[in-house]
Amino acid sequence: MFDDLSSLASVLLRFAHIAFGILWLGVIYFFALINGPFQKAIDDATKAKINPQLLLRGMYWAKRASLYTLIFGWVLFGHKYVGQGLLFAEGRQLSNRSWWILMGGFLGTVMWFNVWFILYPRMRQLMLGMVQGKMPADAAAMTATANAASKFNLFASGPLLFAMIVPNNFAGWPAPAIILCTLVGVGFWYGLLKRAFKINP
């Protein structure tokens, strides 16, 4: 076990990256598929009572999980792709694996930025306003911006998952297939989101 520290590091880094990623994406999917439709079914008084606790608890985990997912992901990238020479194919061209993993890293970084600098600050102000009974003057604009960032993260998670899976399972898939996976990944979550609002428990 300890005679191959490079492989052990890969396993530990991958575990941390995947575990925090599952936590982060789980919060995203809970908000989109469960909480979103639920919010349509409750009145304002109920929202004022439950949303500050519910949404800020969710954002607490999303904020931390997104950061750790990002950190462990880029450290793992450095360990595997830079340290083990997977970044380039022959001729110093980016390998197919690199195209995929870099797309995933780019999407993950944008999604993390959304959580830290767009979603969380706005959600916190909105929830504080709800608790204090005095919503910010630009509450509607803040809500719209937060919703847009949240939807981007939901839809981007589809292509992101393809980008994480392909390098280790279908490394020969050429980079142009990223377009196909983007369409399929976005379409998958678009379909589930539409379905979520039609479910009547």
T69 side-chain N/O to F20 backbone N/O, donor-acceptor pair under 3.5 Å:
yes
Output for pair (F38 CZ, F31 CZ), nearest 0.5 Å, gives 13.0 Å
Is there a ring-ring contact (aromatic ring centres under 6.0 Å, His included) between W24 and W112? Walk through the geometry before answering.
CA-CA 10 Å; W24 179 18; W112 162 81; 9.0 Å; no
Around atom NZ of K63, are there more than 12 heavy atoms of other residues, nucleotides or ligands at under 6.0 Å?
yes
OG/S150 to CD1/I28 distance, rounded to the nearest 0.5 angstrom?
7.5 Å
Using the ring-ring contact (aromatic ring centres under 6.0 Å, His included) rule, take W189 and Y29 through it: C-alpha gap first, then chi angles, then the decisive distance, then the call.
CA-CA 9 Å; W189 287 113; Y29 300 152; 4.0 Å; yes
Find the distance between CD1 (I71) and CG (L76) and round it off to the nearest 0.5 Å.
13.5 Å
Checking side chain to side chain contact (heavy atoms under 4.5 Å, CB included) between R14 and each of V11, I18, L12, which is the one that passes?
I18
Distance col, row T46:OG1 vs N51:CG, nearest 0.5 angstrom, shows 9.5 Å
When you measure from the side chain of S98 to the backbone N and O of L86, does any donor-acceptor pair fall under 3.5 Å?
yes
Do the side chain of R64 and the main chain of Y60 share a donor and acceptor less than 3.5 angstrom apart?
yes
State, to 0.1 Å, how close L160 and G104 come at their nearest heavy-atom pair, and which atoms those are.
CD1-O, 3.1 Å
Is it the case that the side chains of S10 and H79 hold a donor-acceptor pair, with the cut-off being a distance below 3.5 Å and no angle test?
yes
